[in-house]
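Comments concern the structure below.
In what follows, chains carry the letters A, B, and so on, assigned in the order in which the sequence lines appear, proteins first and then strands, with residues in each chain numbered from 1.
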Amino acid sequence: MNIEITLPDGSKRSFPKGSSAMDVAMDISEGLARNVLAAKVNGEVRDANRPIEKDADLSLLTWNDDEGKSTMWHSSAHLMAEALQEFYPHVKFGIGPSIETGFYYDVDLGEDVLTDKDFQKIENRMLELAREKNEYIRKEVSKDEAIAHFKEKGDEYKLELLDELKDGNITFYTQGNFTDLCRGPHIPDTGKIKALKLMSLAGAYWRGDENNKQLTRIYGVSFPKAKDLKEYLHLLEEAQKRDHRKLGKEMGLFTFSPSVGMGLPMWLPKGAMLRERLENFLKEAQKEAGYLSVITPHIGAKQLYVTSGHYAKYGKDSFQPIHTPHEDEEYLLKPMNCPHHCEIFKSEPRSYKDLPIRYAEFGTVYRYEQSGELHGLTRVRGFTQDDAHIFCQPDQVKEEFKKVINLVLYIFQTLSFDDFVTQVSLRDPNNNEKYIGSEENWEKAEKAIMESVEEAGLDYVVEEGEAAFYGPKLDFMVRDAIGRKWQLGTIQVDYSLPERFELEYTGADNAKHRPVMIHRAPFGSMERFVAVLIEHCAGKFPLWLNPEQVKILPVSERYNNYAKEVSKKLKIYDIRALVDERNEKVGRKIRDAEVEKMPYMLIVGEEEEKNNTVSARKQGEGDQGSMTIEAFAELIKNEINSELKRN
RNA sequence: GCCGAUGUAGCUCAGGGGUAGAGCGCAUCCUUGGUAAGGAUGAGGUCACGGGUUCAAUUCCCGUCAUUGGCUCCA
């Protein structure tokens, strides 16, 4: 009996019943068959050598498909497990999935400690095993059989996993001398793995719960060609060059000091210049959008946060309260600006005619993040939010929300941030006690966000369980140089705080009504935003943002005075210029300016001094010819205007 | 907080039980130059900090602090 296989291009072929995807591949070409890692049968990813029993849509998956890659990586995890079991016969296995790049396996090594010095021998053994071209053999087993297997092996983690599986649905995979509980699928044989590298070690709690035992997680990555590994490692190296911690230090933007305290960044003059410009840019946009600036203190009475609910939720994990000398008073470093802004709202009676009221503040907040979580400028203990709170009537929520979306998009566009993900963060449906506020309000808030996002035409993903404890939110996520995801902009709808603070306004009906709050921060925090910005542009900021715009390079010391004159003139045009007065050749001065990514260089010598001109050079592009100072200033202005999309 | 790694000159890093090394940067001098590295000389270090082993520790061991890759958490 034959079955009909439909390939992705729509073509149909007939095969004997029970043929595998591999047979189909062989039929098409041997070369293709060699590259097949797995198959998608009617949308389900399966082993390429598993028989197909009825008519099906089939795609053959290779290294060029994401599912092909992840299958290979998952199989590589099994291969690593096999090697580990040889070196550490008593090892117990947790889980070993593929991840975005590569794979890991969580293992319990008992008394043994693995260090990265052990990587080489494990890698070598894995490659040996790979060369044996051992097939990954799938076997359906009964639950009893499976339990017996792991009882004998003494692997309590697999037993725990088995506990949750239904009988009749359990499969083992075996390659070489290693058998694992696994749903699959796997690549046909270990020979497809030609290159691999173990990347790092980490402690990982069993099932991600810090009350459980910590296992050793070994990360690795594998490839079908040695060249691919080389390319990947090169890419990693390149990414590390963009790391904001490295560039921030080189460019003199910020610093940390153990004497000040971990996670407490200090902005150096150049970093402060950059940040100020970003702040002013946003302030201007906000002024136009009807925001009002407010300023609030860095500390607040403990009761303020008891009222807001932050204390109950985070009090014990925060910087502890400050005690005053005489009275029994307690103050907290502010972890949030919203309670202060609520009090400003309450400072006088409000009418519906006043709404929406939009209070904006670059508010510095302090949060006691866990020491192991601190990371450059992206995760710190003191940072400044570009915060604002919009108090509006319930029927204004959607419109206000959409306005904020537009503001965020405007800012991202201006800075050419185009590779972000918009994420709608909702409640965890199984964990209601994590949140405050009524069911009804949560539903209203979630509905408002979903509708705004739909109407704004945003491409978005929904993440359950990622909401703030007082409300759902829309987050703008970006990746840093090493691929980690960070939240930048955030917009949150909140019905709870207005209730807790008993905020109200008088409506047209002369009755008291409760406003709705929208929390929002387009950058998120200045620290994190600048970090991501540095990595995004590899330290080559747009001209309007760069701390220095022009360096004037006298051809010899004789022209230092003319250079200073030029610098003075440029300052009149509000252009930030420096003079390189060093006793160096002009070639050297150019090289140094290029390396430090100075956007423009002006070379001045006899010719320029005589004609009252400058010879301009653009970073990364080279000589732009000579021109008058006025013409150069015009050039700079035009470039800045086009960056900021204004005329 | 937990698991692993790291900490040597301003920066990047080598070294190793017995006077501490390189490149870059910095300073001084020579050179006065035309679009990506001119030359000479010199200054810089309690080898993160605290204990221990040793005749002797920067090196080996333990602890602390900081940094770092993850895990957990994230208003």
Side-chain angles (χ1 to χ4, degrees), chain A residues 99 104 106 109 113-119 199-219 243 245-246 249-250 252 256-263 305 308-315 317-318 334-339 365-376 379 381 385 387 436 466-471 473 482 484 486-487 490 492 494 497 519 521 553-560 582-596 601-608 615-626:
Chain A
I99 51 175
Y104 67 79
D106 284 349
L109 291 161
V113 177
L114 200 67
T115 76
D116 50 15
K117 291 177 188 65
D118 301 311
F119 282 179
M199 302 301 290
S200 65
L201 275 174
Y205 300 103
W206 170 236
R207 318 213 101 179
D209 183 339
E210 62 182 321
N211 299 313
N212 285 342
K213 175 154 190 193
Q214 192 161 49
L215 307 179
T216 304
R217 177 170 296 179
I218 309 161
Y219 286 92
D243 193 311
R245 291 167 300 184
K246 184 179 154 66
K249 191 178 210 171
E250 279 172 15
F256 289 90
S257 160
S259 309
V260 171
M262 64 197 316
Y305 305 100
S308 71
H310 290 107
Y311 191 78
K313 181 99 177 141
Y314 297 105
D317 301 319
S318 296
K334 79 173 162 187
M336 288 289 284
N337 302 300
C338 31
V365 297
Y366 301 90
R367 299 178 183 173
Y368 191 80
E369 305 288 358
Q370 292 190 68
S371 58
E373 187 56 35
L374 299 174
H375 179 90
R379 174 72 95 245
R381 285 180 170 169
Q385 296 179 310
D387 211 358
I436 61 170
E466 292 293 311
F469 76 97
Y470 50 74
K473 51 183 186 158
I482 33 187
R484 266 185 291 224
W486 297 101
Q487 176 202 309
T490 180
Q492 315 176 352
D494 180 7
L497 283 190
H519 309 238
L553 316 178
V555 163
S556 88
E557 288 175 312
R558 259 204 287 281
Y559 310 104
N560 279 359
R582 292 177 307 165
N583 176 8
E584 290 293 348
K585 289 196 181 182
V586 71
R588 178 52 180 270
K589 292 181 183 180
I590 288 168
R591 180 184 149 79
D592 288 346
E594 287 280 348
V595 168
E596 67 172 324
M601 288 146 259
L602 296 180
I603 289 113
V604 295
E606 188 180 359
E607 187 76 4
E608 287 76 14
S615 169
R617 182 186 165 101
K618 191 168 184 178
Q619 200 270 339
E621 290 183 24
D623 199 352
Q624 309 285 302
S626 81

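- Straight-line distance between the C1' atoms of B:rU59 and B:rU6: roughly 16 Å, to the nearest whole Å.
- Searching all strands for a Watson-Crick or G-U wobble partner of B:rG50 with both distances below 3.5 Å returns B:rC62.
- In textbook terms, a nucleotide whose glycosidic angle is within 90° of 0 is syn, and B:rG44 is one such case.
- A salt bridge is absent between A:D209 and A:R207; no separation between the charged side-chain nitrogens and carboxylate oxygens falls under 4.0 Å.
- Out of B:rA36, B:rC71, B:rU35, the shortest distance to the side chain of A:V595 is found at B:rA36.
- Because its NZ or CZ atom is not both nearer than 6.0 Å to the ring centre of A:Y366 and within 45° of the ring axis, A:R381 does not count as a cation-pi partner of that residue.
- For B:rA57 and B:rC61, the P atoms lie 16 Å apart once the distance is rounded to whole Å.
- Across all strands shown, A:Q619 has no heavy atoms under 4.0 Å from either base or sugar-phosphate atoms.
- Looking only at distances, no side-chain donor or acceptor of A:E210 sits under 3.5 Å from a matching main-chain atom of A:G208.
- Taking CZ from A:R588 and CG from A:L553, the interatomic distance works out to 12.5 Å, rounded to the nearest 0.5 Å.
- Rounded to whole Å, atom P of B:rA36 lies 8 Å from atom CD of A:E594.
- Under the Watson-Crick and G-U wobble criteria, each requiring two contacts below 3.5 Å, nucleotide B:rG69 is paired to B:rC3.
- Taking atom C1' in both B:rC26 and B:rG69, one finds a spacing of 34 Å when rounded to whole Å.
- A donor and an acceptor atom never sit less than 3.5 Å apart when one is taken from the side chain of A:Y205 and the other from the base of B:rG70.
- A:P554 approaches A:N560 most closely through the heavy-atom pair CG-OD1, 3.0 Å.
- We find that OH of A:Y368 is positioned 9 Å from C1' of B:rG1, with the value rounded to whole Å.
- We find that CD of A:Q214 is positioned 10 Å from C1' of B:rG1, with the value rounded to whole Å.
- A:K585 NZ to A:I590 CD1: the interatomic distance, rounded to the nearest 0.5 Å, is 12.5 Å.
- Atom C1' of nucleotide B:rU72 and atom CD of A:E369 are separated by 12 Å, given to the nearest angstrom.
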Might you list the N or O atoms of the protein lying below 3.5 Å from N or O atoms in nucleotides 4-11 of chain B, with each pair's distance?
none

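- A:R381 has its CZ atom 13 Å from the C1' atom of B:rC74, to the nearest Å.
- Remark: A:R617 engages A:E594 in a salt bridge, criterion side-chain N to carboxylate O under 4.0 Å.
- Regarding contacts with the backbone of B:rG70, a side-chain N or O of A:R484 is found under 4.0 angstrom from either OP1 or OP2.
- No contact: A:Q487 has no heavy atom under 4.0 Å from any strand.
- In this model, the phosphate group of B:rG69 is approached by a side-chain N or O of A:H375 to a distance below 4.0 Å at OP1 or OP2.
- A:H310 and A:F469 have perpendicular rings, their planes meeting at more than 60° on a 0 to 90° scale where under 30° would count as parallel.
- For the residue pair A:I218 and A:L114, the shortest heavy atom distance occurs at CD1-CD2, 3.4 Å.
- Using the Watson-Crick or G-U wobble rule with both distances under 3.5 Å, B:rU32 pairs with nothing in any strand shown.
- The backbone N or O of A:P339 sits nowhere less than 3.5 Å from a side-chain atom of A:K334 that would complete a donor-acceptor pair.
- Contact annotation: A:R245 does not reach the phosphate of B:rU67 (side-chain N/O to OP1 or OP2, under 4.0 Å).
- Atom C1' of nucleotide B:rC2 and atom CZ of A:R217 are separated by 13 Å, given to the nearest angstrom.
- To the nearest 0.5 Å, atoms CG (A:D116) and CE (A:M199) are separated by 11.5 Å.
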Which letters describe nucleotides 22-32 of chain B, given B = protein heavy atom under 4.0 Å from base, S = only from sugar-phosphate, - = neither? ---S----BBB

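- If A:P554 and A:E210 are placed on RNA chain B by their nearest nucleotide, the residue sitting closer to the 5' end is A:P554.
- As a whole-Å value, the separation of A:I218 CD1 from B:rC3 C1' is 12 Å.
- Among the heavy atoms of the strands, none lies under 4.0 Å from A:F256.
- A straight line from CG of A:L374 to P of B:rA66 spans 10 Å, rounded to a whole angstrom.
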Under 4.0 Å protein heavy-atom contact, by nucleotide of nucleotides 40-47 of chain B - B base, S sugar-phosphate only: --------

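- Among the atoms of the strands shown, only primed sugar atoms or phosphate atoms (P, OP1, OP2) are found under 4.0 Å from some heavy atom of A:G208.
- Taking for each of A:Q492 and A:E607 the nucleotide of RNA chain B with the nearest heavy atom, the 5'-most of the two is the partner of A:E607.
- Side-chain to base pairing of A:R379 with B:rC74: one donor and one acceptor N or O lie within less than 3.5 Å of each other.
- Checked by atom type and distance alone, the side chain of A:R367 pairs as donor or acceptor with a backbone atom of A:P335 at under 3.5 Å.
- Residue contacts for A:G372: at a heavy-atom cut-off of 4.0 Å it reaches a base atom on one of the strands shown.
- As the counterpart of B:rA22, B:rU12 is assigned, both hydrogen-bonding distances of the Watson-Crick or G-U wobble pattern falling under 3.5 Å.
- A close approach under 4.0 Å does not occur between any side-chain nitrogen or oxygen of A:T216 and OP1 or OP2 of B:rC3.
- The same atom, C1', is picked in B:rA27 and in B:rG10; the two are 13 Å apart, to the nearest Å.
- Comparing the P positions of B:rA9 and B:rC29 gives a spacing of 28 Å, expressed to the nearest Å.
- Rounded to a whole angstrom, the distance from the C1' atom of B:rG17 to that of B:rA56 is 8 Å.
- Other residues, nucleotides and ligands contribute only 12 or fewer heavy atoms inside 6.0 Å of the CD atom of A:E606.
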